[in-house]
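Taking it in order: structure first as structure tokens, then the write-up.
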Number of protein chains: 2
Amino acid sequence: MAQIRDVAKLAGVSPATVSRAYSDPSKLSESTLHRVLAAADELKYKPSSLAQLFREKRTNTVLVMVPDIANVLFARVVSGIERVAVENKYNLIVSDTGDDAAIEAVGVEMVETYRADGVIQLGERPLSELHPEGEQCAIPFVQAISADPRGRYPTVGIDDRKAAGMMASYLLSQGHRRIGVLAGLENRVVTQERLAGFKDSLAAVDVPFDEVAVEYDTYSMAGGERAATRLLSRKGDLTALFCMSDEIAIGAIRTAHDQGFILPRDLSISGFDNIEFGKYCTPPLTTVMQPAEQIGEVAMSLMCDILRGQTMPKTHEILPTELVVRASVQKLP
Amino acid sequence: MAQIRDVAKLAGVSPATVSRAYSDPSKLSESTLHRVLAAADELKYKPSSLAQLFREKRTNTVLVMVPDIANVLFARVVSGIERVAVENKYNLIVSDTGDDAAIEAVGVEMVETYRADGVIQLGERPLSELHPEGEQCAIPFVQAISADPRGRYPTVGIDDRKAAGMMASYLLSQGHRRIGVLAGLENRVVTQERLAGFKDSLAAVDVPFDEVAVEYDTYSMAGGERAATRLLSRKGDLTALFCMSDEIAIGAIRTAHDQGFILPRDLSISGFDNIEFGKYCTPPLTTVMQPAEQIGEVAMSLMCDILRGQTMPKTHEILPTELVVRASVQKLP
DNA sequence: ACATTCATTACAAACGGTTTCATTGCAAGC
DNA sequence: GCTTGCAATGAAACCGTTTGTAATGAATGT
């Protein structure tokens, strides 16, 4: 591979001049610029990013830590991050953490050893290691898909409590009073927020909250199946299931079908996230739209701001959600 | 950030010794090693990857080009690539090409400018730019999810023709004779291979192939909906739909439901890929299992071999597929 | 005609490690 | 006792850019 020296020699100038031909062409005379460019072209010269980045002490790379890249919601967020990254000439190193704290800790190291300029974390694991002693965050960091307002670092997400409340209100407005909850993992902030929103709406219309009608499991279709199986065997009188994710809802639909329920006649089911498959369920899933791509875009924009300005804004961006009414929730007479 | 000089000074040795303490500790005496490590620890010294990589002229990074990261099949392949990458201490730069050739060309450049050591491409765009003049491939390159045996570069995938034939044979064995085909994009090798496999099986039992019963569209749920709508309005007598992907099948199921078909009684539908959602369809989707994660793993292993050995094996790894029988295909009387 | 300014361009240091080669000191072999 | 060999370590070169500073020369002003 040709390098800057070769070009300089061929063009009869110094390496510095060649370098400036790229970084600030206005500093060169018309004729020299032309000569340099021609020489570079002839030798097919491409500056070594490795050398450039080493000099600049920047990597132009952002690390994205994803609990599970095969999860469609996360994949869409990554997609949004990508779009903005490309626009701003950043590369993305994607790390599938598998929800493993050990792998996540590597993220900090990658920034410290100059392999990445910053970290975007999807999901809510707080990564306490990243933020020693409650001080200002040590490295450029943005958390997406979790808008924990108590966090000390910038976050991008939705108002889970409000969004869940919106869906619960809708179920109530359709006449449902005995509503089961298929929750995700109990120890997640997301789960607690959505549960709180659900309770808010019940309280607002004086419907008592039935603690027994809540089943926790993983945020997955398999989790939805398991949770639904347990709940339906325990509570036979429910008219609706409030599911904390579309995947959970899809699992619940499978279980309900298998148990002979006719949907939505015998049981209404609502989801959360609005993944594409929900539209293709039978019946099509009523859910809450979470702007996944946009969350990714905003997160990456924030990261760009941080990297450019070196300041760490303490914002908590809350993006709007929307009720998506389809056919899986029925209006009771 | 502390650097090697600081550690050397504190330990009372030369930078070279500190360097060796990491790269080949056996070269140091017990006491020096201990002293160096203690000093490094005290200063929280982390060698700068940027400097190391610059010296070594390697990036320890592989570029993965994905047509659409939000596609579950691709996401699973990436997941498999990830696993092997982590094992071998490689980082992954993931680029969502959006099926755009311009972005894909950037891949070559990233290797040429030392931003990545090699490229794994998902999907089948041939990227002729990568392989100028039919010579041995210029940069470390592996293509996954497409086992085009005519390619000059290593590939990992399945035998699409055989797999499609297997499914077609199954449909035939269940008594279906008037089978419609919902194909993906017509100009893709994958599509042509699967169609060929379909024809193979028909020919084997002397069932004539009906050219009119093929509809092409994108490999997506929306594409499946559109294609199914067109096909069903044109051909009323079909007993089964052979879909070239699960997403297409899921779209077709939606369309069939909407048109009042009772599935699978009135119409059998088969998919291809075995994505997780197929299991949760109504009815659960009969499909062909494609080992997506494994394809990713093999692709990355191949890449590791190439990067280590500098040789570009001309293998075409064919991974096994499996018929997954669920409920969306009915046995005709 | 000479000083001054400005536009161009060259020179050389710097970035932070790794590695080659040379040096030192000590133990073993004759 | 002197040579030889080996283990341990240091000095310095090197990787390919960028950039601060100096040098050059032409143009301008007086």
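Throughout, a chain's letter reflects where its sequence line sits, starting with A, and its residues are numbered from 1. All heavy atoms count here, side chains included; hydrogens, waters and symmetry mates do not.
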Does B/V18 reach a base, just sugar-phosphate, or nothing at all? Heavy atoms under 4.0 Å. nothing
Determine the contact category for B/L28: base if any of its heavy atoms lies under 4.0 Å from a base atom, sugar-phosphate if only primed atoms, P, OP1 or OP2 are that close, otherwise nothing. sugar-phosphate
For the atom pair CD (B/E109) and CZ (B/R115), what is the distance rounded to the nearest 0.5 Å? 11.0 Å
Ranking B/L33 and B/F54 by the position along DNA chain D of their nearest nucleotide, the one closer to 5' is B/L33
Mind checking whether A/F54 and B/F54 have parallel, tilted or perpendicular rings, split at 30° and 60°? parallel
Nearest 0.5 Å, what's the CE-CE distance between A/M65 and A/M110? 9.5 Å
Rounded to whole angstrom units, what separation is found between the NZ atom of A/K9 and the C1' atom of D/dG16? 14 Å
Establish, with yes or no, whether the OP1 or OP2 oxygen of C/dA10 is under 4.0 angstrom from a side-chain nitrogen or oxygen of A/T17. yes
Using a 4.0 Å heavy-atom cut-off, does B/S23 contact any base of the nucleic acid, only the sugar-phosphate backbone, or nothing at all? nothing
Nucleotide D/dC15, atom P - distance to CG of A/L53 in whole Å: 19 Å
Of all heavy-atom pairs linking B/I81 and B/G296, the shortest is CG1-O, 3.4 Å
Contacts of B/R5 and A/A16 projected onto DNA chain C by closest heavy atom; the upstream (5') one is A/A16
For the pair made of NZ in A/K27 and P in D/dT24, what is the distance, rounded to whole Å? 20 Å
Let me know the distance between CZ of B/R55 and C1' of C/dT18, rounded to the nearest Å. 4 Å
Can you tell me whether the side chain of B/R20 and the base of D/dG10 have a donor-acceptor pair closer than 3.5 Å? yes
Say you draw a straight line from CG of B/L28 to NE2 of B/H34; how long is it, rounded to the nearest 0.5 Å? 13.0 Å
For C/dT18 and B/Q52 - does any side-chain N or O of the residue sit under 4.0 Å from the phosphate oxygens OP1/OP2? yes
Output the rounded distance in Å from CD (B/E112) to P (D/dG16). 16 Å
Quick one: is D/dT9 close enough that its OP1 or OP2 comes under 4.0 Å of any side-chain N or O from B/T32? yes
Take A/S29 and A/T32 through the side chain to side chain contact (heavy atoms under 4.5 Å, CB included) test and state the conclusion after the steps. CA-CA 5 Å; A/S29 72; A/T32 332; 2.4 Å; yes
Mind calculating the distance between CD1 (B/I4) and P (D/dC15) to the nearest angstrom? 18 Å
B/E30 CD to D/dT9 C1': how many Å, rounded? 16 Å
Could you state the atom-to-atom distance from CG of A/L50 to C1' of C/dT18 in whole Å? 14 Å
So what does A/S48 hit on the nucleic acid, given a heavy-atom distance under 4.0 Å: a base, only sugar-phosphate, or nothing? sugar-phosphate
Between A/S29 and C/dT9, is there a side-chain N or O to OP1/OP2 distance below 4.0 Å? yes
Heavy atoms only, 4.0 Å cut-off, all strands: where does A/Y114 land among base, sugar-phosphate and nothing? nothing
Just compare C/dG17, D/dT18, C/dT19 and give me whichever is closest to any side-chain atom of A/E56. D/dT18
Applying a 4.0 Å non-hydrogen cut-off, can you work out what A/Y22 is touching in the nucleic acid: base, sugar-phosphate, or nothing? nothing
Among the nucleotides C/dT18, C/dT8, D/dC15, which one has an atom lying closest to any side-chain atom of B/K57? D/dC15
